[in-house]
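These notes are about the structure you will find just below.
In what follows, every heavy atom counts, from backbone to side chain, and hydrogens, waters and symmetry copies are set aside.
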Amino acid sequence: MKGSKRIISTLALGLFGSGLANASETLTIVSWGGAFAHSQQEAYYKPFSEKTGVEIRMVDFSGGLAEIKTQVETGNVVWDLVSLDRPDIVRGCEEGLLERFDPALLNPGSDGTPAQDDFIMGAIHDCAVSSIVVSNVLAYNTTQFPDGNAPKYLTDLFDIEKYPGRRALQRQPQGNLEWALLADGVDSEHVYPLLETKEGRERAYSKLESIKDHVIWWSAGAQPPQLLADGEVIMTSAFNGRIQAAQRQEGQPFEIIWDHQIGYMNGWAIPKGSPKLERALEFKVFAAETEQLAKQAEYIAYGPTRKSSAALLPANILRDMPTAPENFQNAFLFDDAWWSDYADELTEEFTTWLAKS
């Protein structure tokens, strides 16, 4: 495999840990901006520059593979590393847009655990190493449940009798179909095989139909916290980081229901043909260290993908992490390869279902 040969060559040259770079050496790293990019800057960019002397040039983008594809196909690769969601990692690797990665380069965890055992399942991919888990969760405003009878489980989302009132869900099939089947008693390992059948989809839509008249559909991540703050819904799906930012920064009395959280991963990929492959690989290995992953969690409430990172986090930070042991017990992770095959078909079905009165 060509990618593996290039990695072996890198090791033979002894560039990893080779000391300070030339003053003019830079890496162009592309990410999502905002608080997320700030967390990466503090956890990865600054310490890597201090260690190596390499200057990090930060570029913001809005996701996807289009710009990477253009650079690769024209032979003008100007991005050295990109923070990609796992569906794009899977697709980009399949399309030959990303450099392949040898997981043998990863160091053991800080407790000595081999990397392949220390990372959660799916975090190490042929073309990337995922750093964080971002989760879709349910959340509620505690002021709406002064008697303490607040929702605790995924099934409470569908219990109109016990929890009357409006709830909010994201306007897409991903997550909603899985939750519908999980709440209907389907074991996690059977969710995707069942969704490949007509009967399974009908079962999922039947479950969603039971609350459809009570749902507000949201499309932007900022909407769920606002809906809770305004008292428009009694519970909502949301990105865990949005809820926790509202808790920390605004003092909002929100609580997260971690039961059957649905997580997806984001990690570092290198565009195929990067002229700075060796340094990019060095950064990739550095950013996958136990200590660096724990450092990012101090700045944003997304869970580090190494199990050993949990031991380095203060209790008040760990409790907010999707990957904290008590929160991750029955977590469900998106099957990105599956969705790459079925997304168009199910999005059309979901849109048609929504339009029905």
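Salt-bridge check for R201 with E345: passed, with a basic side-chain N closer than 4.0 Å to an acidic carboxylate O. Salt bridge R166/E232: absent, no basic N to carboxylate O contact under 4.0 Å. The pair R91-E94 fails the salt-bridge criterion, with no side-chain N (NZ, NE, NH1 or NH2) lying under 4.0 Å from an Asp/Glu carboxylate O. No salt bridge links K307 with D118; every basic N to acidic carboxylate O contact stays at or beyond 4.0 Å. By the 4.0 Å N-to-carboxylate-O rule, R57 lies too far from D80 to be salt-bridged with it. Using a 4.0 Å cut-off between charged side-chain N and carboxylate O, E42 and K295 make no salt bridge. Using a 4.0 Å cut-off between charged nitrogen and carboxylate oxygen, R203 and D184 count as a salt-bridge pair.
In this pair, F145 and Y163 present their aromatic rings perpendicular. The plane angle is above 60°, beyond the 30 to 60° band. A perpendicular orientation is assigned to the rings of W218 and F239, their planes being inclined by more than 60° (bins at 30° and 60°).
S31 places no side-chain N or O within 3.5 Å of a backbone atom of G33 that could act as its donor or acceptor partner. In this structure a side-chain-to-backbone donor-acceptor pair under 3.5 Å is missing from W79 to V30. Panel note: side chain S39, backbone I300; no donor-acceptor pair is recorded below 3.5 Å. Side-chain atoms of D111 do not come within 3.5 Å of backbone N or O of S308 as any donor-acceptor pair. Judged by distance alone, with hydrogens and angles left aside, the side-chain atoms of S309 form no donor-acceptor pair with the main-chain N or O of T305 at under 3.5 Å.
Linking ILVMFWY side-chain heavy atoms closer than 4.5 Å, directly or via other members, places V191 and F158 in a single hydrophobic cluster.
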